[in-house]
Amino acid sequence: MDKKVIFLDIDGTLVFGHEGVSKKVKYALSQVRENGHYVFLCTGRNRISVEPLLDIGFDGMVCSAGGYIEINGEKVFESHIPLEDVHMIQDLFKQYHCLYIMEANMFAYQSDEVTRFLVLLSHREQDNSEIERLIEQQKKNFDIRPIEAYNDEPIQTICYMSDNMDNVKKLQEIISQKCQFLIYQQMDNQVINGEIMKKGVHKGTGVLKVMEALNLPIENSICFGDSMNDLEMIQTCHYGVVMDNGDPRLKEYASSVCESVENDGIYHELKRLSLI
């Protein structure tokens, strides 16, 4: 049998806001694995925040946008942003009045100001799945620690938020010389957010490492995503699916656009691909 490997983004793809995974999508993922294929999470979330989903059943995970990889419960790869770059980014964010969250594998650091800001955003309708992710993490409190407690622990990703695009562009110009600097689709309420990772580490490199570990060609890879931190994953996989609710910029790179996350897009696309 020609084994396929399915890579799934979580927020805005597998789940929507505070909603869990739908019954149809759970059935589809179970059936895909029963049919002999592999299913991996491929997410910007850190390791601790995927825990609530693991009872669905996955063959592994790419977390922290490629910074941490597990296969069958065993860690096979881990990287982090160099410490001197973490300190540089903290100084720049203070200078440019940018809110941020620093994520390690099993905990995150943020200021009280970030907590208050995300509580405020939680009362607004969102069209940005990555902001939804941060809001949900606050509600579930996946070991969120005060920024003052940071003691140079390894950091995989840094999420940022700002209301000033000029400042974000200046930060991008400086930080992108050392790290990957991603700007997500801007929300209607003018919140600009994005993610910073180690240079050369992203969901696409995570896909390649998994395919190599499974000894399968990239032609056997399929992925689903919705936001711009899925771009490298979409570009790397042989068949890249973007959700109907996804960023219009990402859809330009898609092999296919499926139904929205609310309308069980993963289920319908897997059925069209004859994998269930």
Side-chain angles (χ1 to χ4, degrees), residues 4-34 37-66 68-71 126-137 139-140 142 157 159 184-185 195 202-204 206-207 210 221-234 236-237 239-247 250-251 254-273 275-276:
K4 303 294 185 184
V5 188
I6 317 299
F7 294 92
L8 302 171
D9 173 54
I10 296 178
D11 302 281
T13 301
L14 185 62
V15 302
F16 177 70
H18 63 277
E19 302 294 333
V21 181
S22 74
K23 289 182 180 179
K24 275 190 173 182
V25 171
K26 283 183 180 179
Y27 164 78
L29 300 183
S30 173
Q31 198 64 39
V32 163
R33 297 181 76 214
E34 192 173 314
H37 306 291
Y38 298 102
V39 179
F40 279 73
L41 295 171
C42 194
T43 177
R45 292 191 188 194
N46 63 355
R47 175 61 179 82
I48 188 65
S49 60
V50 304
E51 288 284 341
L53 297 169
L54 297 186
D55 61 350
I56 294 172
F58 296 97
D59 297 290
M61 63 189 76
V62 177
C63 295
S64 298
Y68 178 88
I69 301 174
E70 275 186 24
I71 300 178
Q126 302 298 329
D127 60 0
N128 183 308
S129 63
E130 300 304 323
I131 285 288
E132 279 285 1
R133 168 176 81 85
L134 297 177
I135 290 171
E136 284 303 301
Q137 286 178 197
K139 294 176 181 177
K140 294 182 172 70
F142 290 119
T157 56
C159 305
Y184 294 140
Q185 184 179 8
E195 201 167 59
H202 46 70
K203 289 186 179 184
V207 165
V210 169
S221 60
I222 299 167
C223 67
F224 292 78
D226 75 296
S227 68
M228 288 308 288
N229 76 339
D230 297 314
L231 175 60
E232 289 88 356
M233 177 179 73
I234 294 289
T236 301
C237 285
Y239 192 85
V241 185
V242 176
M243 313 304 288
D244 187 54
N245 54 279
D247 191 317
L250 189 66
K251 291 177 183 177
S255 306
S256 174
V257 176
C258 71
E259 291 82 351
S260 67
V261 59
E262 303 100 311
N263 291 314
D264 302 312
I266 291 173
Y267 166 85
H268 292 295
E269 190 69 21
L270 291 175
K271 199 167 184 179
R272 282 190 287 268
L273 292 171
L275 294 174
I276 58 175

Applying side chain to side chain contact (heavy atoms under 4.5 Å, CB included) to V32 and K4, what does each step give before you reach the verdict?
CA-CA 9 Å; V32 163; K4 303 294 185 184; over 6 Å; no
If you compare all heavy atoms of [X] against all heavy atoms of [Y], which two are closest, and at what distance to 0.1 Å?
X    : Y    : result
D226 : D11  : OD1-O, 2.9 Å
V21  : K26  : O-CE, 3.5 Å
G44  : N229 : CA-ND2, 4.1 Å
C159 : E195 : SG-OE2, 4.1 Å

Nearest 0.5 Å, please: how far is [atom2] in [Y] from [atom1] in [X]?
X    : Y    : atom1 : atom2 : value
I234 : M228 : CD1   : CE    : 10.0 Å
R33  : I276 : CZ    : CD1   : 15.0 Å
F40  : L8   : CZ    : CG    : 11.0 Å
K271 : D264 : NZ    : CG    : 11.0 Å
L29  : L270 : CG    : CG    : 7.0 Å
K203 : E232 : NZ    : CD    : 9.5 Å

Would you sort out whether V62 and V207 count as a side chain to side chain contact (heavy atoms under 4.5 Å, CB included), showing the intermediate values?
CA-CA 8 Å; V62 177; V207 165; 5.8 Å; no
Min side-chain heavy-atom separation [X]-[Y] under 4.5 Å:
X    : Y    : answer
V210 : F7   : yes
N263 : D244 : no
C258 : M243 : yes
V25  : V261 : no
N46  : S64  : yes
L41  : C63  : no
I6   : F224 : yes
Y239 : E269 : yes

Expected output: side-chain D9 to main-chain S227 donor-acceptor under 3.5 Å:
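Checking the backbone N and O of S227 against the side chain of D9, no donor-acceptor pair under 3.5 Å is found.
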Under the side chain to side chain contact (heavy atoms under 4.5 Å, CB included) criterion, do E70 and V50 qualify, and how do the steps go?
CA-CA 12 Å; E70 275 186 24; V50 304; over 6 Å; no
The test is side chain to side chain contact (heavy atoms under 4.5 Å, CB included); show your working for T43 and L14 and say whether it passes.
CA-CA 10 Å; T43 177; L14 185 62; over 6 Å; no
